[in-house]
Amino acid sequence: MTQDEAVHRNYRIAIASDHAAVPERQALIDYLRAEGHEVSDFGSEPGEAVDYPDQAALVSRAVVSGEADRGILICGTGLGVCMAANKVDGIRAATVHDTFTAEMARRHNDANVACMGARVHAAAAICRMADVFLDSPFDGGRHAGRVDKIMALEQDAPVSS
Ligand code: RB5
């Protein structure tokens, strides 16, 4: 991403983690608040074992309700929270594992939730990926129709057994 393409705005960001990522989530929250973002922290608390789908649901519902502009979820791998978040209508969650995938999740997929793994990345890398995710615009154009097709999958009738 060139400097011309990066757009820094202050966002309302909903953040949650499970017990595998409490220090990393706290470091990320401090970092993003220092950057000027408004952060809603949905936990979990230190020493509390939680189920990552519950954390994913809290953040996803904040995003689809419009209470937050973007969501960030951290678990051990970034995988479970992503699977759960994508079950919520209106969520396009992406597990990002470097600044390239963080950028592409926005530019090509218009992701509204970034998921990361605290057993994969240190806090500094998580902050950097979050920065890139937040500052990257959606490219639109040919990508818009593809994102529309993703969202159309939510409208499919349930498959009967
Ligand atoms: C918790 O032990 C772990 O399973 C969770 O953080 C996450 O990695 C699941 O995908």
Side-chain angles (χ1 to χ4, degrees), residues 11-35 37-136 138 143 146-147 149-156 158-159 161:
Y11 287 104
R12 295 168 304 146
I13 306 168
I15 294 186
S17 75
D18 71 358
H19 48 276
V22 171
E24 290 80 4
R25 187 188 87 252
Q26 288 174 335
L28 178 63
I29 289 170
D30 290 347
Y31 175 78
L32 292 175
R33 283 182 175 151
E35 291 276 292
H37 298 288
E38 186 185 314
V39 178
S40 299
D41 180 12
F42 288 93
S44 60
E45 297 304 317
E48 176 192 24
V50 296
D51 296 329
Y52 59 82
D54 296 332
Q55 302 308 100
L58 293 170
V59 163
S60 299
R61 288 175 185 146
V63 172
V64 294
S65 73
E67 181 190 329
D69 304 307
R70 299 272 187 272
I72 297 179
L73 285 163
I74 315 174
C75 65
T77 57
L79 299 176
V81 285
C82 191
M83 291 180 191
N86 277 315
K87 298 295 183 190
V88 176
D89 275 11
I91 292 299
R92 290 179 300 282
T95 301
V96 302
H97 43 85
D98 50 31
T99 55
F100 179 72
T101 51
E103 180 180 344
M104 287 301 123
R106 288 289 312 128
R107 292 182 57 164
H108 286 197
N109 312 119
D110 198 18
N112 48 15
V113 175
C115 304
M116 303 178 215
R119 293 175 180 160
V120 185
H121 297 289
I126 288 172
C127 292
R128 178 79 190 117
M129 290 188 284
D131 243 353
V132 171
F133 179 77
L134 294 168
D135 286 352
S136 297
F138 177 45
H143 303 292
R146 295 166 185 163
V147 170
K149 287 188 176 186
I150 294 174
M151 303 321 286
L153 294 171
E154 289 179 350
Q155 307 311 319
D156 279 355
V159 177
S161 52

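In listed order, ligands and their atoms are each counted from 1. When a residue number appears, it is its place in the shown sequence, counting from 1.
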Checklist outcome for this item: For residues 45-54, the salt bridge (Lys or Arg N to Asp or Glu O under 4.0 Å) pairs (sequence neighbours left out) are none
Checklist entry - Is atom CZ of Arg92 surrounded by more than 12 heavy atoms (other residues, nucleotides or ligands) closer than 6.0 Å? => result yes
Checklist entry - So do Phe138 and Arg106 actually touch side chain to side chain, heavy atoms under 4.5 Å? => result yes
Checklist outcome for this item: Near ligand 1 (heavy atom, under 4.0 angstrom), the protein residues are Asp18, His19, Ala20, Tyr52, Cys75, Gly76, Thr77, Gly80, Arg119
Item to check | Any Ile72 side-chain heavy atom under 4.5 Å of Ile13 side chain | outcome: yes
Checklist entry - Are Ser17 and Arg25 close enough that a side-chain donor and a side-chain acceptor fall under 3.5 Å? => result yes
Checklist entry - Is any side-chain heavy atom of Val113 closer than 4.5 Å to a side-chain heavy atom of Leu73? => result yes
